[in-house]
A.B. asks: 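Here it is: the structure, laid out below.
From a predicted model like this one, the values you see are computed outputs, not experimental measurements.
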Amino acid sequence: MSVGPGRYQEVAELYDRLAQHGAYGTLAPGNRGGRKGEYVASVFDAVLLPRIRAGGFRALLDFGCGTGIFARQAAAMVEELAGVDVSRNILAVAAQACAGLPNVRFLHTDGERLPFDGGAFDCIVAREVLCYVPDGPIEDTFAELYRVLRPGGRLFVIDQVSEAPYWQHYPGTPHQIKRAPGALADSARRAGFALTEHAVVRTPRFPFVYLAWWHLVPRRALPVLARLEVAWHRQRRRPTRRWWDDLFVFSKR
């Protein structure tokens, strides 16, 4: 399925440009693929990979797969993995990152109609992608994710959220909507999903991100710091007044 001019065209063009910054160019875009992006990816990995490993899933959909940095690791935990994205340039980076992995494939689509049969997957991951879906289509997007997920399957969402109207439509990120956590969960419920887990996983000014950004710690320390940040938020659950990243785990009834 191809993507023509439409509501996601500007997002596709943005990520086509970010592809030049390599594997970590889409996380913390202003860092241009630097160490900050690697740290953010490590936080998401610390949240998602243990759940994928423990889930015993067979087929995984990486919805908004980006540069393939998650798919490359998750592929070893499932029998088959499909990644979809709106940007052709980003998918080229993903294909290179996952070269030689026979159980991984990538497809170009905007996600409004996924090119898969109903119940094709028992696990779906969406990392910071639903914030790019406008308010109207978000209901249809959840309905489509519900369609391609098997009964009893899991949808793992990590998304930027906020309770403040200014940050929900922040001028510095005009393509994003940082929805209130409750609003995002309600949209999923209307599609038929049941919320089984909800947690804060990252805040934008947590001190560890600066240690990574300014190269004050070696690269090998990033996964350790990421796990510590996730554990810190799990115990305290104190998001900022600006925006933060939440984990939502939904199941298909």
A.B. asks: Taking only residues at least two apart or on different chains, which pairs with a member in residues 114-128 satisfy side-chain hydrogen bond (donor to acceptor under 3.5 Å, both in side chains)?
C.D. replies: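 Found E128-Q160.
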A.B. asks: With H215, which residues qualify under side-chain contact (heavy atoms from CB on, under 4.5 Å), at least two apart?
C.D. replies: R35
A.B. asks: Mind telling me whether Y166 and Y170 have parallel, tilted or perpendicular rings, with 30° and 60° as the class edges?
C.D. replies: perpendicular
A.B. asks: Quick one: list whatever passes ring-ring contact (aromatic ring centres under 6.0 Å, His included) with F106, sequence neighbours left out.
C.D. replies: none
A.B. asks: For residues 17-32, pull every pair meeting salt bridge (charged side-chain N to carboxylate O under 4.0 Å, His left out), keeping only residues two or more places apart or in separate chains.
C.D. replies: none
A.B. asks: Pairs in or reaching into residues 172-194: which pass salt bridge (charged side-chain N to carboxylate O under 4.0 Å, His left out), with residues at least two apart or in two chains?
C.D. replies: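 Non-adjacent pairs meeting salt bridge (charged side-chain N to carboxylate O under 4.0 Å, His left out): D135-R179, E139-R190, D186-R189.
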A.B. asks: For D62, check side chain to side chain donor-acceptor pair (under 3.5 Å) against everything at least two apart and list the hits.
C.D. replies: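 With sequence neighbours excluded, D62 shows a side chain to side chain donor-acceptor pair (under 3.5 Å) to no residue whatsoever.
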A.B. asks: Write out all pairs satisfying salt bridge (charged side-chain N to carboxylate O under 4.0 Å, His left out) with one or both partners inside residues 203-228, taking only residues at least two apart or from two chains.
C.D. replies: E38-R219
A.B. asks: Please name the pair of heavy atoms, one in A41 and one in Y24, separated by the smallest distance, quoted to 0.1 Å.
C.D. replies: CB-CE2, 3.7 Å
A.B. asks: Which pairs count as ring pair (Phe, Tyr, Trp, His ring centres under 6.0 Å) when at least one residue sits in residues 41-98, sequence neighbours excluded?
C.D. replies: none
A.B. asks: Answer yes if the ring centres of W232 and F208 are under 6.0 angstrom apart, and no otherwise.
C.D. replies: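 Judged by ring-centre distance (under 6.0 Å), W232 and F208 do not meet the cut-off.
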A.B. asks: Mind checking what makes side chain to side chain donor-acceptor pair (under 3.5 Å) contact with Y15, not counting sequence neighbours?
C.D. replies: Y132
A.B. asks: With sequence neighbours left out, write down each residue that passes ring-ring contact (aromatic ring centres under 6.0 Å, His included) with F156, or none if nothing qualifies.
C.D. replies: none
A.B. asks: Please report the interatomic distance CD1(I158) to CG(L48), rounded to the nearest 0.5 Å.
C.D. replies: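 Result: 4.0 Å between the selected atoms.
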A.B. asks: Say whether, by atom type as modelled, one donor and one acceptor occur between the side chain of R150 and the main chain of K252 under 3.5 angstrom.
C.D. replies: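 No; zero donor-acceptor contacts below 3.5 Å.
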A.B. asks: What pairs of residues pass the salt bridge (charged side-chain N to carboxylate O under 4.0 Å, His left out) test when at least one of them lies in residues 44-54, not counting sequence neighbours?
C.D. replies: R51-E197
A.B. asks: Parallel, tilted or perpendicular for F250 and F142, by the 30°/60° rule?
C.D. replies: perpendicular
A.B. asks: Between E229 and R202, is the closest basic N to carboxylate O distance under 4.0 Å?
C.D. replies: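 Judged by the 4.0 Å cut-off on N to carboxylate O distance, R202 and E229 do not form a salt bridge.
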A.B. asks: Going by side chain to side chain donor-acceptor pair (under 3.5 Å), name the residues that satisfy it together with T141, two or more places apart in sequence or in a different chain.
C.D. replies: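 Checked T141 against side chain to side chain donor-acceptor pair (under 3.5 Å); zero matches.
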